[in-house]
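What follows is a short report on a single structure.
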Number of protein chains: 2
Amino acid sequence: MHQPKHLQDAGLKSTLPRLKVLELLENVEDRHLTAEAIYRKLLEAGEEIGLATVYRALTQFEAAGLVTRHHFEGGQAVFELERGLHHDHIVCVHCGRVEEFYDKVIEKRQQSIAEKLGYTLRDHNMTLYGECHGPDCPGQKKKGPAAG
Amino acid sequence: MHQPKHLQDAGLKSTLPRLKVLELLENVEDRHLTAEAIYRKLLEAGEEIGLATVYRALTQFEAAGLVTRHHFEGGQAVFELERGLHHDHIVCVHCGRVEEFYDKVIEKRQQSIAEKLGYTLRDHNMTLYGECHGPDCPGQKKKGPAAG
DNA sequence: GTGCGAATGATAATCGTTCTCATTTGCAAT
DNA sequence: ATTGCAAATGAGAACGATTATCATTCGCAC
């Protein structure tokens with residue numbers, strides 16, 4: 001099972017702006033982008049597109065299962081191209097870096113917890129927040145710069 | 001360890017609006033309320049309070065550890081009085097009912113996943129979404145009302 | 001190429017939340 | 001109890017993210 005490379009396969013009319021958004025999502029290295037970041041990148045690439053269209057395209061992609069929307073902390077939703085592999089996320093509280101992981105034990109526990117409580121599990125959201133200790137992460141500074 | 005019953009114990013000046021908000025949170029049966037719901041309930045109870053004050057009080061309570069803020073789906077944050085017992089939530093996608101649970105296995109897995117990925121875990125957000133099958137839940141209707 | 005409905009984009013509108021600022025309050029010293 | 005002052009309040013403006021509006025343009029079937 002792989003994603004349809006063509007929008008029509010997802011039931012969407014194949015328009016230029018949609019193709020541009022999809023293409024960007026397929027080729028960009030950071031898989032988790034805000035709508036505005038996508039919009040800016042397209043403008044920088046010389047494309048003519050409106051922010052509203054980016055939002056519309058992403059919402060449709062999400063409905064079609066091409067894209068997943070996440071609400072990490074910080075107000076702005078981020079979108080990622082769906083690859084058919086469920087995973088959860090860990091986000092660095094300092095630099096915003098996002099990594100993905102999958103844990104079968106947790107998934108099973110979630111299912112049995114929902115059952116035990118009388119729910120039919122439909123979805124879940126699990127995001128861990130931590131400090132990533134990466135060399136470029138501002139959280140790694142031994143001492144902050146003098147105030148001011 | 002129990003919560004300070006007095007705002008001063010939490011480092012906050014004891015003002016009438018803050019006391020009203022705290023009192024409401026302590027006495028209301030639904031432990032998960034939006035700021036606006038709290039505001040409305042206080043107005044209905046005859047209190048004079050502004051929505052901005054409710055938000056401010058909640059933000060301060062959160063900073064003081066008296067209250068926890070959750071971002072479930074739906075745009076509006078919900079607040080709950082902190083009882084010192086960490087837990088996660090399961091939310092009914094039909095009626096919005098919220099239940100709490102705690103699973104030691106999941107907590108431990110989260111910790112070890114973060115470590116394995118090189119993160120120091122600071123926080124996490126885990127919310128399950130499901131159908132609650134409660135008798136009053138609209139999701140239980142055998143057939144929806146005729147359209148229109 | 002034509003035509004029509006769907007898609008686009010600029011902008012206004014919306015929603016939840018925070019900020020501004022003039023007024024009021026809590027509290028400590030009197 | 002009164003005073004004084006910083007901190008808190010409340011009404012409404014401002015804000016940021018997202019969605020709706022609506023005239024224009026596009027994609028696609030004929």
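FYI, side chains are in, hydrogens and waters are out, and symmetry mates aren't considered; it's all heavy atoms of this structure.
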Rounded to whole Å, how long is the line connecting atom [atom1] of [X] with atom [atom2] of [N]?
X	N	atom1	atom2	value
A:Leu7	C:dA6	CG	P	18 Å
B:Glu48	D:dA8	CD	P	20 Å
B:Glu47	D:dA8	CD	P	20 Å
A:Leu33	D:dA17	CG	P	15 Å
A:Phe72	D:dA17	CZ	P	16 Å
B:Leu16	D:dA7	CG	C1'	15 Å
B:Glu73	D:dA17	CD	C1'	18 Å
A:Tyr39	C:dG9	OH	C1'	9 Å

Side chain of [X] only, heavy atoms from C-beta on: which candidate in [options] is closest?
X	options	result
A:Ile49	C:dG9, C:dA6, D:dT9	C:dG9
A:Leu51	D:dA8, D:dT18, C:dT8	D:dT18
B:Gln76	C:dG16, D:dA17, C:dA6	C:dG16
A:Thr59	C:dA7, D:dT19, C:dT18	D:dT19

Practice prompt. Answer yes or no: is there a side-chain heavy-atom contact under 4.5 Å between A:Arg83 and A:Glu100?
Written response: yes
Discussion item. What I'd like to find out is whether the side chain of A:Phe61 reaches to under 4.5 Å of the side chain of A:Leu81, using heavy atoms alone.
Written reply: no
Worksheet item: Of the options B:Glu107, B:Arg109, B:Glu115, which is the one that meets B:Gln111 in a side-chain hydrogen bond (donor to acceptor under 3.5 Å, both in side chains)?
Response: B:Glu115
Are any of [X]'s side-chain N or O atoms less than 4.0 Å away from OP1 or OP2 of [N]?
X	N	value
A:Thr53	C:dG9	yes
B:Tyr55	C:dT18	no
B:Thr15	D:dA7	no
A:Gln8	D:dG27	no

Practice prompt. With heavy atoms under 4.0 Å as the rule, sort B:Thr34 into base, sugar-phosphate or nothing.
Written response: nothing
Worksheet item: Just checking B:Ala35: base, sugar-phosphate only, or nothing, at a heavy-atom cut-off of under 4.0 Å?
Response: nothing
Worksheet entry | Derivation and outcome, side chain to side chain contact (heavy atoms under 4.5 Å, CB included), residues B:Asp88 and B:Asp103 | CA-CA 8 Å; B:Asp88 295 300; B:Asp103 189 274; over 6 Å; no
Worksheet item: Do the side chain of B:Arg56 and the base of D:dG10 come within less than 3.5 angstrom through a donor-acceptor pair of N or O atoms?
Response: yes
Discussion item. Assuming nearest nucleotide by heavy-atom distance, tell me which of B:Ser14 and B:Val78 is located more 5' along DNA chain C.
Written reply: B:Val78
Worksheet item: Start at the 5' end of DNA chain C and walk down; is the nucleotide closest to B:Ala52 or to B:Gly75 reached first?
Response: B:Gly75
Worksheet item: For the hydrophobic clusters of this structure (ILVMFWY residues joined by side-chain heavy atoms under 4.5 Å, transitively), does one cluster hold both B:Ile113 and A:Phe72?
Response: no
Fill in: Pair B:His124 and B:His86, ring centroids less than 6.0 Å apart
yes
